[in-house]
Number of protein chains: 2
Amino acid sequence: MPGAPRGPYAKTAAQRDRILDAAMQVFARSGGRGASLREVAERVGMSEAGVLHHFGSKRELLLAVLDRYDRQEAAIDHPDTLPGNAAYARDLLTRGADKPGLFRLLITLAAEATDPDHPAHQYFVDRYARTADTFAASLRSAVNGRTDVDIEALAHLVIAVLDGLQLQKLLNDDVDVLRSFDLLTQALINTYAAP
Amino acid sequence: MPGAPRGPYAKTAAQRDRILDAAMQVFARSGGRGASLREVAERVGMSEAGVLHHFGSKRELLLAVLDRYDRQEAAIDHPDTLPGNAAYARDLLTRGADKPGLFRLLITLAAEATDPDHPAHQYFVDRYARTADTFAASLRSAVNGRTDVDIEALAHLVIAVLDGLQLQKLLNDDVDVLRSFDLLTQALINTYAAP
DNA sequence: GTCTATATTAAGATAGAC
DNA sequence: GTCTATCTTAATATAGAC
């Protein structure tokens, strides 16, 4: 009975969530390889064995963190108009600045997961493909009819900007990512938007 | 006598270089945290203690790898015209595709080094600041006279695109990064270049 | 300059008591 | 469901022989 945990499972679900919260912070600070179960357990006030009772291994824990994040993201409804989507992308940047931990988690793991042997490799391959599809769909309506513009390439470009700008923001908080992003959108609209 | 190693030091310098080559590959595959001295030593056909004779610690080895890369980069002369620079940036992307290891090294470490406690944190902060200055200088001439364009923001934007596109390329080799990059340059020239 | 041997620390994981 | 205790493995680093 998902959605209404009660009985003996209620506590477990709550504990799992607390562990995921802690793990997310630890993975965000130290990446997938730098993070240790010990630190996760410490934060949650539990032994390593306790953590491993809920998640069988470090690998599983990492994937569970990403999976939960995905479910939360999927619950938000995404705009399907272009201005809505540009605003959404802009909002991503702002949220990234607000909660640097979350973005650090994603960018650090994505970079690590570039290694085909990394536990989250397939996850990130899929994730980026999905994102590119989403962005392409909304850009298609903006370009409306123009067949001379490569929508997929445009989608990859926008995603690259979001990732790259946030990386710079994390290294130097003085970088004004919104300013750079606005320069991009203006140029893109100016050049590729349907008349 | 730099540049002409001879006598008992010649072998040492050559060995240091071999170690740096191996370390670069290992760091590129596994990141700074995932990499082990054991694997570096193995590749170079030496014991861990042997490696540590040349570089006192893993941290030192990592910084030496980055330092050597910087010296090599500095030896290349960079164009100072805009078309030259756009071509240079495009070339970076091509090189990244050619030698994925090198770019993986840079992007993975940059993401890790977002953590202020990471050994290479300061290195990457400085590196990005320097790169932004370089790009800004060449963009300034392109915008020639226009005062309504934020050159620094433009520089951060271009760097973001280079990083972000290569990250996607590493996750999925089918992504056509040059196509996306060309969409960017066309839009930027179209919108911000001096008449 | 390189090796073997070892100290030290820490990690991930399992077994079994409570 | 959580803990203590333990196994196993592996990492960085040092000491000292050759």
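A note on names: the letters A, B, ... follow the listed sequences, proteins ahead of strands, and every chain is numbered from 1.
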- prompt: Are B/Val161 and B/Leu178 grouped together when hydrophobic residues (ILVMFWY) are joined by side-chain heavy atoms under 4.5 angstrom apart?
  reply: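 The answer is yes; both residues are in one hydrophobic cluster.
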query: Who are the ring-ring contact (aromatic ring centres under 6.0 Å, His included) partners of B/Tyr88, not counting sequence neighbours?
result: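 Result, ring-ring contact (aromatic ring centres under 6.0 Å, His included) vs B/Tyr88: B/His78.
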message: Near DNA chain C, counting only heavy atoms under 4.0 Å, which residues of residues 34-55 of chain A show up?
response: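 Per residue number, the list reads A/Ala35, A/Ser36, A/Leu37, A/Arg38, A/Glu48, A/Ala49, A/Leu52.
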field: Contact list for DNA chain D against residues 15-22 of chain A - heavy-atom distance below 4.0 Å
entry: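 The stretch gives A/Gln15 as the residues lying under 4.0 Å from the strand, ordered by number.
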- prompt: Around atom CZ of B/Arg68, are there more than 12 heavy atoms of other residues, nucleotides or ligands at under 6.0 Å?
  reply: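 Yes, the 6.0 Å shell around CZ holds more than 12 heavy atoms from other groups.
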- prompt: Below 4.5 Å, heavy atoms only, C-beta onward: do A/Ile159 and A/Leu162 meet side chain to side chain?
  reply: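 The answer is no; the side chains never approach within 4.5 Å.
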query: Would a 4.5 Å heavy-atom cut-off, applied to side chains only, mark B/Phe27 and B/Glu39 as touching?
result: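 No, their side chains stay 4.5 Å or more apart.
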message: Pairing donors with acceptors under 3.5 angstrom, does anything connect the side chains of B/Asp67 and B/Tyr123?
response: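 Looking only at side-chain atoms, B/Tyr123 and B/Asp67 do not form any donor-acceptor pair under 3.5 Å.
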message: Could you tell me if B/Gln122 and B/Asp126 have a donor-acceptor pair between their side chains, going purely by distance under 3.5 Å?
response: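 There is such a pair (donor and acceptor under 3.5 Å, judged by atom type) between the side chains of B/Asp126 and B/Gln122.
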Distance in Å, A/Arg179 CZ paired with A/Leu165 CG, rounded so as to fall on 0.5 Å steps: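 Rounded to the nearest 0.5 Å, the CZ-CG separation comes out at 13.5 Å.
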- prompt: Just how far, in rounded Å, is C1' of C/dG12 from CD of A/Glu60?
  reply: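 From A/Glu60 CD to C/dG12 C1': 13 Å.
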